[in-house]
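Counting from 1, the numbers follow the sequence of the chain as shown.
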Amino acid sequence: MSEEKRRNLVEALELEGVIKSPSVKRAMLKVPREEFIPPEYRDEAYEDHPLPIPGNQTISAPHMCAIMCEAASLSRGDTLLEIGTGSGYHIALCAEIISPSGESVEGTIVSIELVKQLAYYARDNLKRTGYYDRVHLLVADGSLGAPVRKGYQFGKIIVTAAAPRIPPPLIEQLADKGVMVIPVGPRWQQVLLAVNRDGDKIAYRHITYCVFVSLRGRYGHHDGSREDRG
Ligand code: SAH
């Protein structure tokens with residue numbers, strides 16, 4: 001049942017030109033989105049819209065996940081930092097692209113979640129679906145980048161929460177010739193940007209308009225709640 005709905009959705013996204021590369025298509029066909037959402041929404045797993053997950057957050061719509069993977073040119077063997085683990089669905093897709101046969105990727109696929117409850121939720125979802133071994137999950141303020149040794153950089157960075165501006169620590173952690181995909185703008189509408197580094201030069205490409213939940217923490221949106229103070 002789910003597999004047929006998944007295939008129909010993936011074929012529709014391919015026809016629309018959202019899914020372009022075979023590796024993104026393969027990952028979207030493989031990762032079971034229904035396992036990353038609360039049971040009451042499982043019937044809607046293959047409808048192309050965001051869905052609620054615990055903590056008042058949302059799992060992005062499938063087309064947005066595909067757009068982000070394509071915009072990052074995510075490929076086998078990449079090093080990746082994701083900010084905003086949420087349900088774990090998007091990082092599972094990324095792990096399926098970076099390590100399609102489950103080959104060792106120790107410490108090179110990192111996902112950071114601010115809310116502990118969601119990190120546990122993602123951990124359980126990733127364990128159940130067989131992706132946990134490929135992903136390094138951390139509970140921290142991802143707007144500060146990953147707690148890596150000084151100078152360590154990622155080839156790809158994907159931010160799945162909306163930032164008021166690009167957090168400077170993320171630019172620092174983006175490798176030469178690397179790509180960061182990030183929604184930037186006010187709370188209710190943002191522009192999805194692909195940020196390319198070429199030496200000291202940073203180029204920005206506008207991909208699409210979008211609406212993401214807010215990035216919080218030091219370089220996120222602030223609404224005055226305790227959790228938001230960086
Ligand atoms: N990628 C997720 C969707 C994420 S929703 C998925 O596939 O389900 C955005 C997530 O970003 C939420 O879980 C939210 O708690 C988290 N978040 C917000 N600010 C953050 C920060 N500063 N650091 C890390 N995670 C953050």
Side-chain angles (χ1 to χ4, degrees), residues 1-53 57-78 80 82 84-103 105 109 111 121-122 125-132 134-135 155-162 179-183 189-194 205-213:
M1 239 314 242
S2 280
E3 276 184 29
E4 193 185 327
K5 287 188 184 169
R6 196 184 309 152
R7 176 163 292 280
N8 288 342
L9 173 66
V10 169
E11 282 171 3
L13 292 175
E14 195 179 21
L15 271 176
E16 287 168 32
V18 168
I19 294 179
K20 298 182 169 78
S21 52
S23 59
V24 174
K25 179 175 178 184
R26 191 186 151 280
M28 298 275 305
L29 281 173
K30 189 135 192 221
V31 180
R33 189 169 183 255
E34 70 276 15
E35 296 290 342
F36 292 84
I37 53 189
E40 60 269 35
Y41 296 110
R42 286 198 180 169
D43 283 355
E44 296 174 55
Y46 295 103
E47 290 172 23
D48 193 12
H49 54 71
L51 285 168
I53 55 173
Q57 302 300 310
T58 55
I59 173 173
S60 306
H63 75 270
M64 190 49 70
C65 295
I67 287 175
M68 294 183 102
C69 292
E70 295 284 3
S73 305
L74 210 60
S75 323
R76 190 171 192 151
D78 271 344
L80 169 72
E82 180 197 44
T85 316
S87 67
Y89 174 69
H90 196 263
I91 198 68
L93 275 182
C94 295
E96 188 59 54
I97 296 169
I98 293 175
S99 163
S101 50
E103 63 264 29
V105 284
I109 306 181
S111 183
Y121 179 67
N125 295 340
L126 290 164
K127 276 193 173 161
R128 203 171 51 251
T129 50
Y131 290 100
Y132 188 63
R134 281 177 254 181
V135 178
K156 306 287 160 74
I157 298 179
I158 294 181
V159 183
T160 65
V179 188
M180 166 165 33
V181 179
I182 179 169
Q189 169 133 62
Q190 305 97 32
V191 172
L192 189 67
L193 294 178
R205 188 164 59 87
H206 172 149
I207 301 163
T208 182
Y209 288 102
C210 54
V211 183
F212 278 79
V213 296

Colleague: Give, for atom CZ of Arg134 and atom CG of Leu80, the distance between the pair rounded to the nearest 0.5 Å.
Modeller: 13.5 Å
Colleague: Under a 4.5 Å cut-off applied to non-hydrogen side-chain atoms, are Val31 and Phe36 in contact?
Modeller: yes
Colleague: Would you kindly say whether Glu4 and Tyr46 are connected by a side-chain donor-acceptor distance under 3.5 Å?
Modeller: no
Colleague: Go through the steps for Gln57 and Ser87 under the test side chain to side chain contact (heavy atoms under 4.5 Å, CB included), then give the verdict.
Modeller: CA-CA 9 Å; Gln57 302 300 310; Ser87 67; over 6 Å; no
Colleague: Between Glu3 and Arg7, is there a side-chain N and carboxylate O pair less than 4.0 Å apart?
Modeller: no
Colleague: Rounded to the nearest 0.5 Å, how far apart are OG of Ser75 and NZ of Lys156?
Modeller: 4.5 Å
Colleague: Of all the heavy-atom pairs spanning Ser73 and Asp78, show the shortest one and how long it is.
Modeller: O-OD2, 3.8 Å
Colleague: If you round to the nearest 0.5 Å, how far is CE of Met68 from SG of Cys94?
Modeller: 9.0 Å
Colleague: Do Leu74 and Ile98 have side chains that get closer than 4.5 Å, going by heavy atoms?
Modeller: yes
Colleague: I'd like to check Arg26 versus Pro100 (side-chain heavy atoms, cut-off strictly below 4.5 Å). Are they in contact?
Modeller: yes
Colleague: Can you see which heavy atom on Tyr121 is nearest to which on Gly86, and at what distance?
Modeller: CD2-O, 4.3 Å
Colleague: From Asp43 CG over to Lys5 NZ, what is the distance, rounded to the nearest 0.5 angstrom?
Modeller: 5.5 Å
Colleague: Which atom pair, heavy atoms only, marks the closest approach of Arg42 to Glu34?
Modeller: NE-O, 2.8 Å
Colleague: Could you report the tightest heavy-atom contact between Phe212 and Ser60, atom names first, then the distance?
Modeller: CE2-OG, 3.7 Å
Colleague: Just so I know, are the side chains of Arg128 and Asn125 near enough to count as touching, which here means a heavy-atom distance under 4.5 Å?
Modeller: yes
Colleague: Side-chain contact test, heavy atoms from C-beta onward, threshold under 4.5 Å: evaluate it for Ile37 versus Glu44 and give yes or no.
Modeller: no
Colleague: Report yes if the side chains of His90 and Cys69 come closer than 4.5 Å at any heavy-atom pair, otherwise no.
Modeller: yes
Colleague: Any chance you could measure Leu193, atom CG, to Arg205, atom CZ, to the nearest 0.5 Å?
Modeller: 10.0 Å
Colleague: Side chains of residues 13-20: which donor-acceptor pairs under 3.5 Å do they make with residues two or more places apart or in other chains?
Modeller:
from: Glu14; atom 1: OE1; to: Lys25; atom 2: NZ; distance (Å): 3.0
from: Lys20; atom 1: NZ; to: Gly17; atom 2: O; distance (Å): 3.3

Colleague: Can you name the closest pair of heavy atoms from Ala95 and Ile109 and give their distance?
Modeller: CA-CD1, 3.9 Å
Colleague: Run Ile59 and Arg33 through side chain to side chain contact (heavy atoms under 4.5 Å, CB included) and show every step you take.
Modeller: CA-CA 10 Å; Ile59 173 173; Arg33 189 169 183 255; 3.9 Å; yes
Colleague: Between atom CD1 of Ile207 and atom CD1 of Ile182, what is the distance when rounded to the nearest 0.5 Å?
Modeller: 11.0 Å
Colleague: Decide yes or no for Ile91 and Thr160: does some side-chain heavy atom of the first lie under 4.5 Å from some side-chain heavy atom of the second?
Modeller: no
Colleague: Ignoring hydrogens and angles, tell me if any N or O in the side chain of Glu96 forms a donor-acceptor pair with the backbone of Met28 under 3.5 Å.
Modeller: no
Colleague: How about Val135 and Glu82: do any of their side-chain heavy atoms sit closer than 4.5 Å?
Modeller: no
Colleague: Using every non-hydrogen atom in the two residues, find where Leu192 and Cys210 come nearest and quote the distance to one decimal.
Modeller: N-SG, 3.7 Å
